[in-house]
Trainee: 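Quick one: this structure, given as structure tokens, is what I'll be asking you about.
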There are 2 protein chains.
Amino acid sequence: MLKALGNPHRLALFERLSRCCKPGTTCSTKDEIHHCVGELGEGLDIAPSTLSHHLKELNRAGLVEMERRGKEVHCWVEPATLDELAGFFSGPFASTEARPHRSHTRGATS
Amino acid sequence: MLKALGNPHRLALFERLSRCCKPGTTCSTKDEIHHCVGELGEGLDIAPSTLSHHLKELNRAGLVEMERRGKEVHCWVEPATLDELAGFFSGPFASTEARPHRSHTRGATS
DNA sequence: CCTATTATTCTAAATATGTCGAATACTCGA
DNA sequence: TCGAGTATTCGACATATTTAGAATAATAGG
């Protein structure tokens, strides 16, 4: 998953899908809760084939769901996926509440 | 950050550092709250130069702090870093608290 | 100063990744 | 069935990444 999100274009696609139109939230009408592939690539300057490739990678990584709807293919992110990722970093020692803010150490190699 | 964590070896190093010995938690004595570079690579089967390279990448990405301590170089993860990552995925729509388990995102919701 | 220990830099290689264009597939409506 | 619209696969190339070994640096102790 993290490898898939390591690419700037894929991260942008994932953000677009996860930050908008959650199930239950419905940022627009009930049929528009997902994006189609074409919409997703609008901002980014990449060829359709590249877009398709990246979406496929995101899907293979289990980050993005895809479903054909007529001519279009709609994509979305399951909330559980975000939970899983957030949970990974909110491990036993993550200071989610308190933040002692210790000494600030920068790069070691001088 | 995500790109840096996309590599299996780097992710393993990061996990080792973040899952153990948080500042304030002190998994052992107060001077052993960090790992030195050599310890970190023990499990993984990589050359010292490769280990150093990966640690450098993690440091450049702002994921791992490093500090020389005599012959050794100690590494650790700031809790704030974990917070930042967890927060990124606990966005406005992530169902972090309640988990309604909403089945599919398909047209079900209206 | 010399040596052992620890870690980094440098260089070169094998491999993986990102990208696009052309060709192909899928769907809908005439 | 054909054509338009949408998306994917395939082939190829340029670039990036991973990796290890040799050489180098930094440190502590004699």
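Naming convention: chains lettered A, B, ... in sequence-line order (proteins, then strands); numbering from 1 in each chain.
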Trainee: May I have the distance from Glu67(A) (atom CD) to dT27(C) (atom C1'), rounded to whole angstrom?
Mentor: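 Distance check: Glu67(A) CD to dT27(C) C1' gives 15 Å.
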Trainee: Report the distance from atom CG of Leu44(A) to atom NE2 of His9(A), rounding to the nearest 0.5 Å.
Mentor: 5.5 Å
Trainee: On the ring face of Phe88(B), is Arg19(A) found with NZ or CZ under 6.0 Å from the centre and within 45° of the axis?
Mentor: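 That pair qualifies as a cation-pi contact.
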Trainee: Taking only residues two or more places apart in sequence or in another chain, which ones pass salt bridge (Lys or Arg N to Asp or Glu O under 4.0 Å) with Glu72(B)?
Mentor: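 Salt bridge (Lys or Arg N to Asp or Glu O under 4.0 Å) check on Glu72(B) returns nothing, list empty.
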Trainee: Just how far, in rounded Å, is P of dG21(C) from CG of Asp45(A)?
Mentor: 10 Å
Trainee: Any sub-3.5 Å donor-acceptor pair from Ser90(B)'s side-chain atoms to Ala86(B)'s backbone N or O?
Mentor: yes
Trainee: Rounded to whole angstrom units, what separation is found between the CD atom of Glu57(A) and the P atom of dT19(C)?
Mentor: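 Glu57(A) atom CD is separated from dT19(C) atom P by 12 Å.
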Trainee: Donor-acceptor check, side chain of Ser18(B) to backbone of Phe14(B), threshold 3.5 angstrom: yes or no?
Mentor: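 Confirmed, Ser18(B) side chain pairs with Phe14(B) backbone.
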Trainee: In whole angstrom, what separates Leu44(A)'s CG from dT19(C)'s P?
Mentor: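 Interatomic distance, CG of Leu44(A) to P of dT19(C): 10 Å.
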Trainee: Is it the case that the side chain of Thr81(A) and the backbone of Val77(A) share a donor-acceptor pair, with hydrogens and angles ignored and the cut-off at 3.5 Å?
Mentor: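 Not a single qualifying donor-acceptor pair exists.
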Trainee: May I ask you to verify if any side-chain N or O of Asn7(A) is less than 4.0 angstrom from the OP1 or OP2 atom of dG18(C)?
Mentor: yes
Trainee: Given dT17(D), is OP1 or OP2 found less than 4.0 Å from the side-chain N or O atoms of Arg10(B)?
Mentor: no
Trainee: Kindly give the atom pairs (protein nitrogen or oxygen, nucleotide nitrogen or oxygen) under 3.5 Å for nucleotides 11-14 of chain D.
Mentor:
none

Trainee: Is there a donor-acceptor pair closer than 3.5 Å between any side-chain N or O of Arg68(B) and the backbone N or O of Gly70(B)?
Mentor: yes
Trainee: Rounded to whole angstrom units, what separation is found between the NE2 atom of His54(B) and the P atom of dT8(C)?
Mentor: 13 Å
Trainee: Which of these, Asn7(A), Val37(A), Leu40(A), Leu5(A), sits in a side chain to side chain contact (heavy atoms under 4.5 Å, CB included) with Leu13(A)?
Mentor: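 Single pass found, and it is Leu40(A).
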Trainee: From CG of Asn59(B) over to C1' of dA7(C), roughly how many Å is that when rounded to an integer?
Mentor: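 Rounded to the whole Å, the gap is 14 Å.
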Trainee: Side-chain donor-acceptor pair under 3.5 Å between Arg10(B) and His54(B), yes or no?
Mentor: yes
Trainee: Please enumerate all protein N or O atoms sitting under 3.5 Å from an N or O of nucleotides 2-9 of chain D, with distances to 0.1 Å.
Mentor:
{"unit_1": "dA7(D)", "atom_1": "OP1", "unit_2": "Val37(A)", "atom_2": "N", "d": "3.2"}
{"unit_1": "dA7(D)", "atom_1": "OP1", "unit_2": "Gly38(A)", "atom_2": "N", "d": "3.4"}
{"unit_1": "dA7(D)", "atom_1": "OP2", "unit_2": "Gly38(A)", "atom_2": "N", "d": "3.1"}
{"unit_1": "dT8(D)", "atom_1": "OP2", "unit_2": "Ser52(A)", "atom_2": "OG", "d": "2.7"}
{"unit_1": "dT8(D)", "atom_1": "O5'", "unit_2": "Ser52(A)", "atom_2": "OG", "d": "2.9"}

